[in-house]
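Only this structure's heavy atoms are used, side chains among them; waters, hydrogens and symmetry mates stay out. Numbered from 1 within each chain, the chains take letters A, B, ... in sequence-line order.
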Amino acid sequence: MSLESILITLVAEAVKSLYGLETEENQIQLQKTKKEFEGDLTVVTFPFVKAARKSPEQVGQEIGEFLLKDTEVISKFNVVKGFLNLSISKSFWLETLTAIHSNTDFGITKAAEDAALMMIEYSSPNTNKPLHLGHIRNNLLGHSIAEIQKANGWKVIKTNIVNDRGIHICKSMLAWKKWGKDETPESSGLKGDHLVGKYYVIFDKHYKAEIKELMGKGLTEEEAKKSAPLILEAQKMLLAWENNDPEVRQLWKTMNGWVYAGFDKTYKQLGVSFDKIYYESETYLTGKSEVERGVKKGIFSARSDGSVWADLTGDGLDEKLLLRADGTSVYMTQDIGTAKLRYDDYPINKMVYVVGNEQNYHFQVLAILLDKLGYEWGKSLVHFSYGMVELPEGKMKSREGTVVDADDLMDEMIEAARETSQELGKLDNCTSEEIVTIVRMVGLGALKYFILKVDPRKNMTFNPKESIDFNGNTGPFIQYTHARIKSVLRKAAEQGIEYSSLNDNQPDISEKESYLIQLLTGFPAVVREAGEEFSPALIANYIYEVVKEYNQFYHDFPMLKEENPTLKQFRLVLSESIATVIKTGMGLLGIDVPERM
RNA sequence: GGUCUGGUAGCUCAGUUGGAUAGAGCAACAGCCUUCUAAGCUGUGGGUCAUGGGUUCGAAUCCCAUCCGGAUCACCA
């Protein structure tokens with residue numbers, strides 16, 4: 001039982017005994033005491049004032065006295081206006097630290113045999129261009145959320161739906177066929193996904209030129225976009241693909257193969273992975289047949305031109321296209337098929353889609369369509385809708401070349417970490433292998449933390465001109481603190497200092513030290529809340545607070561040089577517990593922490 | 001235009017079910033390494049919490065209106 005719930009129970013007893021007031025648990029407001037006041041936890045007394053018919057100060061005084069008599073946990077209290085500030089006894093903190101220190105899985109709830117299964121879809125790239133900063137946010141969030149849900153006792157299956165078919169891929173294919181001169185990743189030295197992306201850009205360039213020409217001949221922009229020869233040819237190619245044209249299929253296979261090899265490298269560098277990958281080329285037919293089933297059931301309707309629509313006006317929405325007039329499928333069709341196959345494949349209890357908030361409408365519609373098709377799980381799907389990454393001048397636009405490439409950004413971060421390490425002379429005693437490992441850890445740690453510390457629901461700004469910091473509220477600061485602790489612990493071990501547990505003597509610990517223990521006790525609740533809220537940012541901000549406090553402690557209190565052996569031992573145990581929570585917490589963000597840096 | 005969403009320090013962000021004098025980092029300035037890693041620590045300056053009402057003992061937080069931004073409403077994904 002946590003300290004908070006113990007105290008809430010005690011306060012409820014106090015209020016009942018003193019004023020005869022029955023309180024719900026959530027009526028008792030318990031919060032951390034503000035730093036400028038003495039105490040550890042604060043009870044807000046305003047809610048009881050009415051029943052007590054006394055001033056807030058009196059109520060605080062009376063509850064305080066009751067608690068002081070009632071429990072050993074509270075050593076003293078003070079009242080300021082309507083706030084009852086409680087000081088927790090040092091012995092309670094020491095017992096708590098012992099419990100935390102002995103629990104290597106502190107904060108983590110492992111999945112039981114019969115735990116519920118959560119499937120988390122993230123990444124979900126198109127295969128016509130390389131990954132960019134927006135994908136990085138998606139991948140980091142997806143991976144982190146998966147880790148967080150695992151830590152909350154869920155069985156988790158991470159999945160990726162690769163959008164490997166569609167008009168956009170045909171654009172790259174067509175451009176490569178026309179202007180590629182048989183260029184390959186090998187012949188060009190380009191990473192496969194970058195090579196295919198290059199032809200996507202080339203297509204767009206020629207397509208734009210055609211549009212301009214047609215508009216010069218008097219067509220409107222809309223007409224020109226629809227009638228440009230290149231787009232007609234790409235559409236023809238898509239149709240040929242759906243009709244299994246061998247030549248088109250072969251080219252498609254080859255170019256997608258290049259892309260996958262490239263993606264694999266990016267995923268590996270980013271440290272994300274999947275348990276099961278779905279390809280839309282393998283799910284869209286199921287989607288089509290589901291749509292056809294819907295037509296037969298009378299919930300969808302075909303128009304005279306052959307296109308199929310769902311009428312959602314009854315749900316307050318519009319009509320939604322499910323199959324084009326030429327019979328080819330659209331995004332929604334594929335998502336219906338993918339959803340059905342997943343539920344056929346796994347006993348999913350909760351399905352989570354990590355997809356940007358620009359697709360809120362899409363998932364609203366998807367849930368309704370699945371529901372209409374008779375799937376009881378349709379309505380319960382979770383769209384984990386995260387905000388866009390923007391540049392100072394606004395949205396990233398591939399056409400304007402303002403996209404921040406994922407591979408480039410990771411390389412730059414690692415390079416920056418290497419330079420900083422060199423400048424500071426931090427890795428002078430390390431082997432070249434160690435240096436490679438550490439600078440990668442630090443560079444990626446900076447990038448990942450930068451992205452994950454922001455509330456996922458909000459849009460965030462990334463300024464490429466200002467490199468991501470390594471000081472302050474950053475990944476490297478946290479990693480550095482971990483390395484510092486590990487360094488002290490190594491030295492303690494070298495000196496033969498035993499600190500595996502606290503001995504029976506009770507050291508006289510400071511406010512700073514008991515506050516650090518208090519912070520540690522909050523970790524499991526933070527993990528739980530991060531899972532419920534789908535917010536890695538809660539963990540990031542929590543770890544930062546712990547680390548900031550710890551660095552003040554580190555600065556002001558000696559450990560190895562402390563003469564009192566009981567205190568020395570206590571501080572080492574405290575430090576090791578902090579290091580464990582840092583490592584566990586950062587692990588939930590997908591960030592590694594080094595032993596030295 | 002309909003729907004959704006956001007607006008907190010020069011910049012990037014926190015701010016718990018409504019609670020005490022709204023907090024961090026960056027940037028600026030001033031200090032701290034003969035002492036366990038200075039990627040650290042300490043201090044100074046910096047705010048009409050977009051605006052105006054309302055509810056409340058108490059509002060950055062809840063409600064209404066207004067202003068400004070973003071997303072979406074595609075035979076794109």
Side-chain angles (χ1 to χ4, degrees), chain A residues 26-27 29 31-34 36-37 42 44-47 49-50 56 80-83 85 124 126 128 163 166-168 226 235 280 303 305-309 316-318 320-326 328 330-332 334-335 356-362 364-365 385 387-388 390 392 394-395 417 420-421 423-426 442 446 450 453-455 457-463 466 468-481 483-492 525 529 537-538 540-541 544-545 548 551-552 554-562 571-572 575 596-597:
Chain A
N26 57 16
Q27 283 180 283
Q29 295 179 45
Q31 52 192 268
K32 275 202 300 199
T33 304
K34 297 249 174 194
E36 53 267 38
F37 301 101
T42 295
V44 184
T45 63
F46 292 109
V49 168
K50 232 178 212 172
V80 181
K81 292 193 266 183
F83 301 92
N85 301 319
S124 310
N126 294 349
N128 62 324
N163 186 12
I167 189 74
H168 46 286
K226 280 184 180 168
Q235 280 163 358
E280 288 192 349
R303 289 189 183 166
D305 65 359
S307 58
V308 175
W309 296 75
L317 303 173
D318 249 325
K320 186 76 190 173
L321 176 84
L322 298 177
L323 286 175
R324 295 193 187 96
D326 64 4
T328 56
V330 293
Y331 182 40
M332 188 60 77
Q334 297 156 180
D335 257 2
N357 61 15
E358 56 194 357
Q359 294 190 34
N360 286 352
Y361 182 73
H362 174 81
Q364 197 186 343
V365 172
S385 165
M388 300 290 99
E390 289 170 350
K395 223 182 156 184
T420 305
S421 295
E423 275 168 31
L424 297 174
K426 291 286 186 181
V442 173
F450 177 83
K453 77 172 177 184
V454 180
D455 183 338
R457 284 174 287 277
K458 290 188 180 173
N459 288 358
M460 64 180 293
T461 308
F462 173 80
N463 190 343
E466 298 169 12
I468 293 174
D469 260 301
F470 286 9
N471 299 324
N473 185 359
T474 66
F477 170 50
I478 293 166
Q479 292 171 318
Y480 171 72
T481 306
R484 269 178 142 186
I485 295 174
K486 287 295 178 173
S487 171
V488 172
L489 296 178
R490 271 196 304 275
K491 291 203 164 122
E529 205 186 340
L538 295 178
N541 289 321
Y544 174 65
E545 202 191 340
K548 195 173 148 51
N551 273 293
Q552 291 167 6
Y554 182 96
H555 184 265
D556 295 338
F557 294 82
M559 284 181 266
L560 300 176
K561 293 195 168 56
E562 171 57 48
R571 287 179 185 156
L572 290 170
S575 296
R596 64 186 85 225
M597 69 181 267

(Q) Over all strands shown, is A/F470 touching base, sugar-phosphate only, or nothing at heavy-atom distances under 4.0 angstrom? (A) base
(Q) With rounding to the closest Å, how many angstrom separate the P atoms on B/A27 and B/C62? (A) 33 Å
Q) Just by modelled atom types, is the A/R457 backbone N or O under 3.5 Å from a matching donor or acceptor in the A/D455 side chain? A) yes
Q: Could you work out the separation of B/C68 and B/U8 based on their C1' atoms and round it to a whole Å?
A: 16 Å
(Q) Side-chain N or O of A/R490 versus OP1/OP2 of B/C36: is the shortest distance under 4.0 Å? (A) no
Q | Whole angstrom value for the distance that separates C1' of B/C57 from NZ of A/K50 | A | 9 Å
Q: Give one of base, sugar-phosphate or nothing for A/Q359, where a contact means two heavy atoms less than 4.0 Å apart.
A: base
Q | Atom P, compared across B/G45 and B/G6: separation rounded to whole Å | A | 34 Å
Q | Polar side chain donor-acceptor pair, A/N85 to A/T42, under 3.5 angstrom | A | yes
Q.
I'd like to know if A/T481 reaches the base of B/A39 with its side chain such that a donor and an acceptor end up less than 3.5 angstrom apart.
A. no
Q | Distance, rounded to the nearest Å, where A/Y361 contributes OH and B/U72 contributes P | A | 13 Å
Q | 5′-ward residue of the pair A/F450/A/N85 relative to RNA chain B | A | A/F450
Q. Looking at side-chain heavy atoms only, is the closest gap between A/Q334 and A/E280 below 4.5 Å?
A. yes
Q: Looking at every strand, decide which applies to A/T461 at a 4.0 Å heavy-atom threshold: base, sugar-phosphate, or nothing.
A: sugar-phosphate
Q. Taking the same atom, P, in B/G19 and in B/C63, what whole-Å distance lies between them?
A. 15 Å
Can you pull every protein N or O that's under 3.5 Å from an N or O on nucleotides 33-35 of chain B?
| from | atom 1 | to | atom 2 | distance (Å) |
| --- | --- | --- | --- | --- |
| B/U35 | O2' | A/K561 | NZ | 3.2 |

Q.
The criterion is ring pair (Phe, Tyr, Trp, His ring centres under 6.0 Å); which residues satisfy it with A/H362, sequence neighbours excluded?
A. A/Y331
Q) What integer number of Å spans the P atoms of B/U3 and B/C64? A) 13 Å
Q: Flag as yes if A/F83 stacks onto the base of B/A20 (centroids under 5.5 Å, planes under 30°), otherwise no.
A: yes
Q.
Going by side chain to side chain contact (heavy atoms under 4.5 Å, CB included), name the residues that satisfy it together with A/A325, two or more places apart in sequence or in a different chain.
A. A/D305, A/S307
(Q) Work out how far the C1' atom of B/U12 is from that of B/G18, and round it to whole angstrom. (A) 27 Å
Q: For A/K453 and A/N473, indicate whether the former's side chain and the latter's backbone hold a donor-acceptor pair under 3.5 Å.
A: yes
Q: Can you tell me, in whole Å, how much space there is between the C1' of B/A20 and that of B/A60?
A: 15 Å
Q: Considering only atom P, compute the distance from B/G1 to B/A59 and round it to an integer number of Å.
A: 34 Å
(Q) Looking at B/U37, I'd like to know if its phosphate oxygens (OP1 or OP2) sit under 4.0 Å from a side-chain N or O belonging to A/S487. (A) yes
Quick one: which protein N/O atoms are closer than 3.5 Å to N/O atoms of nucleotides 21-31 of chain B? Pair and distance per line, please.
| from | atom 1 | to | atom 2 | distance (Å) |
| --- | --- | --- | --- | --- |
| B/A24 | O2' | A/Y544 | OH | 2.8 |
| B/G25 | OP1 | A/K548 | NZ | 3.4 |
| B/G25 | O2' | A/N473 | N | 3.3 |

Q: State whether A/F557 and A/R571 meet the cation-pi test: NZ (Lys) or CZ (Arg) under 6.0 Å from the six-membered ring centroid, and within 45° of the perpendicular axis.
A: no
Q. B/G6 P sits how many Å from A/M460 CE, rounded?
A. 17 Å
Q) Ring of A/F46 versus six-membered ring of B/G19: centres under 5.5 Å and planes under 30°? A) yes
Q. Is A/A483 touching bases, backbone alone, or none of the nucleic acid, heavy atoms closer than 4.0 Å?
A. base
Q: Provide, to the nearest angstrom, the distance between the CD atom belonging to A/Q29 and the C1' atom belonging to B/U16.
A: 11 Å
Q. B/G7 P sits how many Å from A/D455 CG, rounded?
A. 10 Å
Q) Tell me: CD of A/Q31 to C1' of B/G18, nearest whole Å? A) 11 Å
Q. So what does the secondary structure string of RNA chain B come out as, 5' to 3', with Watson-Crick or wobble pairs under 3.5 angstrom, [ ] for crossing and | for pairs with another strand?
A. (((((((..((((.....[...)))).(((((.......))))).....(((((..]....))))))))))))....
**Q.** Shortest non-hydrogen contact from A/N459 toward A/M388
**A.** OD1-N, 2.8 Å
Q: Syn or anti for B/C33, please, going by whether the chi angle lies within 90° of 0.
A: syn
Q: Check the distance between B/G15's P and A/E545's CD and give it to me in whole angstrom.
A: 12 Å
Q. Considering residues at least two apart in sequence or located in another chain, which fulfil the side-chain hydrogen bond (donor to acceptor under 3.5 Å, both in side chains) criterion with A/Q31?
A. none
Q.
Nearest heavy atom decides the nucleotide; on that basis, is A/L538 or A/D318 closer to the 5' end of RNA chain B?
A. A/L538
Q | Spacing between A/F557 atom CZ and B/G40 atom C1', to the nearest angstrom | A | 16 Å
Q: Using a cut-off of strictly less than 4.0 Å, decide whether A/Q364 has a side-chain nitrogen or oxygen near OP1 or OP2 of B/C4.
A: no
Q. Is the distance from OP1 or OP2 of B/A39 to the nearest side-chain N or O of A/R484 less than 4.0 Å?
A. no
